[in-house]
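This report refers to the structure that appears directly beneath it.
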Amino acid sequence: MELRLEGTHYPLRTLGPGKRLGIWFQGCSLACPGCMSRHTWDPGAGTTATVREVLALWRRALADGADGLTVSGGEPLQQTAALRRLLAAAARLRDATRRRVGSAGSRPADLLVYTGYEPGELTPARRAALAGADAVITGRFRVAEPTRLAWRGSANQRIVPLTPLGALRYAPHLDGEQTGGRLQTACGEDGGLRLYGVPLRGELAELERQLKQSGVALTERSWRP
Ligand code: SF4
């Protein structure tokens with residue numbers, strides 16, 4: 001089965017606890033005003049990858065001691081069949097890896113999904129797609145509700161644990177502020193600057209200003225129409 005992806009990154013440190021594999025789905029029709037990832041909206045853009053190819057990345061991340069997998073976008077729940085297949089297989093691979101190498105002293109890796117849908121919009125098909133996830137972060141990005149809550153872009157967004165592991169890993173963060181940096185930078189395969197994370201209000205404008213002072217002008221910004 002194929003997924004349409006915007007990209008992947010490892011190690012990701014700003015969307016969930018610890019060192020994670022990040023997978024961004026391509027395509028989102030929710031069009032939140034102020035979205036910083038407008039490049040993920042077009043469902044025909046990005047690239048395709050098979051679930052098997054993404055699992056190979058997950059296998060390598062687990063071997064490296066990853067703390068988790070974060071699926072974001074775009075809107076992952078606009079590819080429900082692929083998401084369901086991916087999460088179920090990723091959970092099986094995590095469990096099999098722990099059985100094979102022994103779990104003594106190690107923390108299980110968790111599976112976290114971001115969705116712009118509100119809990120009341122989670123239809124049976126969307127809930128089924130999340131069956132393998134340990135936690136989900138729900139809700140539209142609302143530019144008028146800035147927040148310092150961990151891993152969230154606006155104050156309305158909620159972390160919802162779905163499994164005992166999700167409760168264990170995320171309960172301390174439900175109402176907590178994020179510690180450490182909220183934005184991670186990297187160089188993309190196309191040579192462009194990539195930003196991973198959820199910025200505070202004004203942080204992107206400040207980054208632009210600092211880059212400009214250093215002689216770096218951004219030609220395209222995913223947070224501008
Ligand atoms: S913030 Fe998320 S849900 Fe909202 S438009 Fe952007 S990608 Fe879609």
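Count residues from 1 along the sequence. All of these numbers come straight from a predicted model, not from anything done at the bench. Ligands are counted one by one from 1 in listed order, and the atoms in each one are counted from 1 as well.
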Margin query: Between W24 and Y114, is the ring pair (Phe, Tyr, Trp, His ring centres under 6.0 Å) condition met? List the steps.
Written below: CA-CA 10 Å; W24 287 266; Y114 277 80; 9.5 Å; no
Taking only distance into account, with no hydrogens and no angle test, what donor-acceptor pairs under 3.5 Å do side-chain atoms of residues 170-177 form with protein atoms, sequence neighbours excluded?
{"from": "Y170", "atom 1": "OH", "to": "R20", "atom 2": "NH2", "distance (Å)": "3.3"}
{"from": "Y170", "atom 1": "OH", "to": "D110", "atom 2": "OD2", "distance (Å)": "2.6"}

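Here 1 is the count of protein N, O or S atoms positioned under 2.8 Å from atom 6 (Fe) of ligand 1, waters not counted.
Taking 4.0 Å as the cut-off between side-chain N and carboxylate O, E121 and R126 do not count as a salt-bridged pair. Taking a cutoff of 4.0 Å between a charged side-chain nitrogen and a carboxylate oxygen, R194 and E6 qualify as a salt bridge.
Donor-acceptor pairing under 3.5 Å is lacking for the side chains of E118 and T138.
The minimum heavy-atom distance linking Y196 with H9 is given by the pair CE1-CG, 3.4 Å.
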